Amino acid sequence: MTSPENKSMDELVSLCKRRGFVFPASDIYGGINGFWDYGPLGVALKNNIRDSWWRNTVECPPIGPDGEPVSIVGLDSAIIQNPKVWKASGHVDGFSDPMVDCTETKKRYRQDHLELLVPKSGEGLMYAFPENQPDLIAAKLKQARVDHSLFETVTLPEIPVSSYDRVVAPDSKNAGTLTPPRAFNLMFETYIGAIRHEDHKAYLRPETAQGIFLNYKNVLDTMRVKIPFGIAQIGKSFRNEVAPKNFIFRSREFEQMELEWFCPPDEAQTWYQFWKEQRMLWWLSLGINANNLIFRDHDADELAHYSNACVDIEYRYPFTFPGFGELEGIAHRGNYDLTAHQNHSRTKMEYFDQAAQLAAKEAGLDKEDIARKSRYIPHVIEPAGGLTRALLTILCEAFTPDETRPSKVVMKFKPNLAPITAAIFPLINKDGLPEIARGIYQKLRQKYTLQYDAKQSIGKRYARMDEAGTPYCFTIDGDTPQDHSVTVRDRDTAEQHRIAIDRVDEFLAEKMLS
RNA sequence: GCGGGUAUAGUUCAGUGGUAGAACCUCAGCCUUCCAAGCUGAUGACGCGAGUUCGAGCCUCGCUACCCGCUCCA
């Protein structure tokens, strides 16, 4: 395996375009910042990753601590929801803070996070400092011989923008370096209906998670599920990122794979550990080198205010090497979301846990404890992975420069993820070989994603498949009509061996499972 | 949003203010019994918009996109 430091993102981006994995969106109009299109091979790879996640999460979920598969159902909620949803979730407030920039230090501050020492006289310079940290400008004040008693503290939003020319920014020497506040709303806005009116403003979802919380009760009422259980969803989300970068790593339109796991409050920590392990196992199952994956626990000051614990699974991307970059976050969200929606929608999110009630009674608990154990708003463990980032990770991981090959590079996808599972080639385009090859292709194309190609030299065809990441090539040669065998060429070793035509199906079936 | 860099064919690169080139890819034909072979052809580009100039791929300005570094990432 080539280490990430030897992988050039430029070369990977070139290959992605040359071979139809990823194209710049709106390419012929000069592109559009933060958006990408997935080409024929890219969407095939992305769908295969997506299907693996769905299979592993919804259709064939992991075995829980009790030896039985855990209970998870699927969902596909709307991208646009009632705007009240995003008010309740905190995204409207949290995503739209006005920011001011300092043109001297190039630092950016939330407007409401800056405080000022303002002369009571109403004239003269005002000194800005980060919220609750007046000490940070102590030296500057001393130099300016500021007498504190002549000043009062106000927050930046309290003073008019016309006075900004008298404001000395925190790390700045001169006054007037702060720009007027500008809104950085990370949510994309749209208007419902033909008439563009503020009352009809709506948002494209910045995460798929809220769609799950909105349907928590619907699922509970219809699917005969009992806590603990999960709801899984895959879909597009949109964030108006300030600075999209690193190819498809941070884009404005991206795809998420999210699971919300609902459980009793006192089991949350156990399930958090469970999902932490399970999620890592899934990433490893995609064939990612364990050395390129790590857990990174969030520090206490890094946690969102509602979260009790959060860990990221990170991958060593070529552009983060030797460091890592985020792939998936597993968050212990407590009951924050359901409580928020309960308060805003006035819909009860409480769960009555009959089994817990029985157990509590049998344990001889008092009435209060029995009630507490049996009636609660579930806690939530949220493994939230990026499908688009998964695609990038798989592309980076598979990308393997090899100077000994005609193609100079080979994409080493696992067989069950590869956009093309196998190619069928007649060695030469005559002597009855194409007929045999097409026969194999026609017979197996319903079960596998195959490509038939008879054009040009065999070496050229192998090289093309190396760049597309096709793990196996079956070649029909002059011996085939006599002994009914074909050669199998292995992408990773470039070596060949013969197998019987009748065994091709079996061979592929076995490889797809491994 | 800031600073720096870059923008010529699908890709990677040449190109002195004066007729836009190559290699690879792709496609067609011939050839071909295992790794982009050989031969003959073909398609295909100066990111967008202004300006300077007799004349701009080249100089100037604006815009857009991409890369690197900050910033941001509830």
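Each chain gets a letter, A, B and so on, in the order its sequence line appears, and its residues count up from 1. The analysis underlying the following values was restricted to heavy atoms, covering all of them including side chains, and did not include hydrogens, waters or symmetry mates. None of the values given here were measured: they were computed from a predicted structure.
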Open item on the list: Would you say that more than 12 heavy atoms from the other residues, nucleotides or ligands in this model lie under 6.0 Å from the OH of A:Y29, or not?
Closed with: no
Surrounding NZ of A:K201 (heavy atoms of other residues, nucleotides or ligands, distance under 6.0 Å), is the total greater than 12? yes
Roughly how many Å is it from [atom1] in [X] to [atom2] in [N], rounded to a whole number?
X	N	atom1	atom2	value
A:F474	B:rC35	CZ	C1'	17 Å
A:D477	B:rC34	CG	P	9 Å
A:R461	B:rA37	CZ	C1'	13 Å
A:I458	B:rU32	CD1	C1'	11 Å
A:L15	B:rU12	CG	P	11 Å
A:F23	B:rU11	CZ	C1'	13 Å
A:E467	B:rU12	CD	P	12 Å
A:K408	B:rA36	NZ	C1'	10 Å

Between A:W36 and A:P406, the residue closer to the 5' end of RNA chain B by nearest nucleotide is A:P406
Comparing nearest nucleotides in RNA chain B, the 5'-proximal residue of the pair A:G31, A:R489 is A:R489
Closest approach to the side chain of [X], judged atom by atom: which nucleotide of [options] is it?
X	options	result
A:I428	B:rA36, B:rC34, B:rU32	B:rU32
A:A463	B:rC34, B:rU32, B:rA36	B:rA36
A:F319	B:rC68, B:rA36, B:rC73	B:rC68
A:S14	B:rU33, B:rU12, B:rC73	B:rU12
A:K17	B:rA36, B:rC66, B:rG10	B:rG10
A:N33	B:rC73, B:rU71, B:rC66	B:rC66

Give me the ring orientation class for [X] and [Y]: parallel if the planes are under 30° apart, tilted from 30 to 60°, perpendicular past 60°.
X	Y	result
A:F262	A:F213	perpendicular
A:W261	A:W271	tilted
A:F507	A:H497	tilted
A:Y317	A:F319	parallel

#### Entry: A:E435/A:R438 ion pair, N-O < 4.0 Å
no
**Asked** Would A:R50 and A:E255 pass as an ion pair if we require N to O under 4.0 Å?
**Response** no
field: Heavy-atom donor-acceptor pair, A:R405 side-chain to B:rC35 base, under 3.5 Å
entry: no
Q. So does A:E241 reach the base of B:rC73 with its side chain, donor to acceptor, closer than 3.5 Å?
A. no
Go ahead and name the base partner of [N]; Watson-Crick or wobble counts if both distances stay under 3.5 Å, otherwise write none.
N	result
B:rG38	B:rC30
B:rU19	none
B:rG3	B:rC68
B:rG49	B:rC61
B:rC24	B:rG10

Open item on the list: When you measure from the side-chain N and O atoms of A:N246 to the phosphate of B:rC67, is any distance below 4.0 Å, counting only OP1 and OP2?
Closed with: no
Check the phosphate of B:rU32 against A:K430, side-chain N and O only, distance under 4.0 Å to OP1 or OP2. Yes or no? yes
Which part of the nucleic acid, if any, lies within contact of [X], taking any heavy atom under 4.0 Å across all strands shown: a base, the sugar-phosphate backbone alone, or nothing?
X	result
A:G34	sugar-phosphate
A:E11	nothing
A:F425	nothing
A:T487	base
A:E326	nothing

I'd like the [atom1] distance from [M] over to [N], given in whole Å.
N	M	atom1	answer
B:rG17	B:rC70	C1'	38 Å
B:rU43	B:rG69	P	42 Å
B:rC30	B:rC68	P	47 Å
B:rA20	B:rC58	P	13 Å
B:rG18	B:rU53	C1'	12 Å
B:rC72	B:rG62	C1'	27 Å
B:rC59	B:rA7	P	10 Å
B:rC25	B:rU11	P	15 Å

Pairs under 3.5 angstrom, nitrogen or oxygen only, protein versus nucleotides 46-50 of chain B, please.
none

Tested for side chain to side chain contact (heavy atoms under 4.5 Å, CB included) against A:I49, the lone hit among A:L417, A:T388, A:T393 is A:L417
Quiz item: Has A:R239 got its NZ or CZ under 6.0 Å from the middle of the six-membered ring of A:F188, at an angle within 45 degrees of the ring axis?
Solution: no
Mark yes or no: A:K511 above the aromatic ring of A:Y472, with NZ or CZ under 6.0 Å from the six-membered ring centre and no more than 45 degrees from the axis.
no
- Query: Is the distance between the ring centroids of A:F23 and A:Y38 under 6.0 Å?
  - Reply: no
Ring centre gap for A:F249 and A:F247 strictly below 6.0 Å:
no
Per-nt protein contacts along nucleotides 22-27 of chain B (heavy atom under 4.0 Å; B base, S backbone sugar-phosphate only, - none) come out as ---SSS
